[in-house]
Amino acid sequence: MTQTESTTRDKGVSTERGASLVLITASMLLLIGVAAITLDAAGAGFNERRQHQSAADVGALAAVQFAVPRDLGNAACGSYSGTTLSRCNGAIEAIDVAAATLDDPSLADWSDSSRCGTPPAGYAVSPISDCVAFPTGNQRAWVHVPIVDKPTALAGVIGFNTIGVTADAIAGTSIGTPGGVLPFLLPGSAASTDYNCLKSGSTPNFGECADLPSTGNFGTMDFYLYGNTDFGYTSKCSGDENGRFAANLARGVDHPLGVHPTGVGTGRLDDAYCPEFSAEPDMARAQSGVGSQAAFEAGMLYGGNAYSADPYDGRLEDAGGYQVRDAQSPNAAVVLNNEPLWDYLLADPPGTDCDGVDTPAEMLSCISWAKANSQVVFKSGVDGLVTAQRYGWTPAVWENDFGTPSTDYHMKGYTPIYLDTTLYGCNSNRCDIIHTPGVGDSGACTNNPPSIRITCGTPGGGNNNLLGATAYILSGDIVPGEAKTPSPGSANQRAFRLAY
């Protein structure tokens, strides 16, 4: 090897070593910078992020809780009404509670839309801040804590003087009432009775259903569909009264309800506030009798998918029960829930009238005794009354509403009921089928039975349209706490939760 070759090779090695040194130095600086940013983010940044997430969580819960279309005394909301007022109220409360969670709330600029991020699809921002948004009906709320630039400790040496910190959350409100409100009505005094009747037509005219329609018996309430995300319902704020009736009968009224304080004058009318989920209307339109036999039958027996993406069962439909229809066109065979009310009595109920109950007559005696003595006689828990398919609530309206030309009824309260006997294909003397849960089939139905709390008939025989039903009238004194505390019209009827 010549001298020239050796010199050239040595220079090449020296050049490569120099380039490697530069690369190593740059890499070390990069690693140091990344480490500095990581340490800042893992230290102060992590704590700030956790604090901001807590602020977003409590803000979202406050937003959905206070998104109501009423005057809450917020001066900034004075010019708004309806949906806009709800969103204004919710946003103000969200910002107040979220700011109180931050160490330095002055750093969070809720008026700067550039720091608010983008709300989820289908959400509209509030009039107060783009950092708070709601979907139609305001059943949910999104809160985005504005981006706050927090100073760094180590990363500043490489030019990163701040780290942007933010968080968001979505909260929802659902109906916490057990059983659901059914679209029937009773006068407020009807809670003193123990048994009553619903009916969709002129027959049957015997037994408990003999004198309908009359004061003290059920009529129907015209509730609208507000669009409940838990039920999968879309809103229906006008038209199709019978379709709405059937859907509300099958699933229960899909929004929280209120109580009118006097029963006189104006109030929050159900159709006027649709689809404001949290409006808690205390008035609704009603009829003196069931408006449509087909809608009554559809809600009780068949369910459907009107205003819902997914099909739902009828109120009483249950594959393990008693068959009341065969496959008559256009409807398929129908099998009903067959659980009697006495299945939900305590194992050792107070009072001898509630011990060993296994007939409708004994059940009525038990209810009468329990009411007179204000004794809870029904089970709670996973197999308690609150889980019963036939359990629900019906509005009790102020007595002065009956016999007046007005069709706007004031809600006085809500009465717990348990659906019982159903009657099919009836004329003035008899029915083709009568079904009472827990009562054995006695064969063909006879004319003018002494009581309709029986089971008789052959499915598929004659005109088996559902024409009437009865219900036990309970009271808050005799049902367990979980079945009365979150009752309609109470402060506990709505439940609030973080959606994600």
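Only a predicted model underlies this, so the values are computations on that prediction, with no experimental measurement involved.
- For R115 (side chain) and A108 (main-chain N/O), no donor-acceptor pair under 3.5 Å exists by modelled atom type.
- Each of T421, N338, N337 was scored for a side-chain hydrogen bond (donor to acceptor under 3.5 Å, both in side chains) with H435, with one residue passing: N338.
- Under the 4.5 Å side-chain criterion, counting only non-hydrogen atoms from C-beta, V181 is not in contact with I175.
- No side-chain donor from either of T101 and Q51 sits under 3.5 Å from a side-chain acceptor of the other.
- The salt bridge (charged side-chain N to carboxylate O under 4.0 Å, His left out) search around D313 returns none, not counting sequence neighbours.
- When only modelled atom types and interatomic distance are considered, N89 and E93 share no side-chain donor-acceptor pair under 3.5 Å.
- Between the side chains of Y344 and E339, at least one donor-acceptor pair of N or O atoms lies under 3.5 Å.
- Using a 30° and 60° split on the angle between ring planes, W142 and H144 fall in the tilted class, from 30° to 60°.
- A salt bridge (charged side-chain N to carboxylate O under 4.0 Å, His left out) with R285 is found for exactly one of D270, D401, D222, D408, namely D408.
- Remark: aromatic rings of Y472 and Y195 are close, center separation under 6.0 Å.
- The side-chain heavy atoms of K371 and D477, taken from C-beta on, include no pair separated by under 4.5 Å.
- You'll find the side chain of R390 reaches within 4.5 Å of the side chain of P437, heavy atoms only.
- Screening residues 486-498 for salt bridge (Lys or Arg N to Asp or Glu O under 4.0 Å), with sequence neighbours left out, gives D230-R497, E280-R494.
- At a threshold of 4.5 Å between non-hydrogen side-chain atoms, the residues L225 and F231 do not count as touching.
- With sequence neighbours left out, the side-chain hydrogen bond (donor to acceptor under 3.5 Å, both in side chains) criterion links N373 to no other residue.
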### Task
List the steps, then state whether side chain to side chain contact (heavy atoms under 4.5 Å, CB included) holds for I473 with L186.
CA-CA 10 Å; I473 311 300; L186 287 169; 4.1 Å; yes

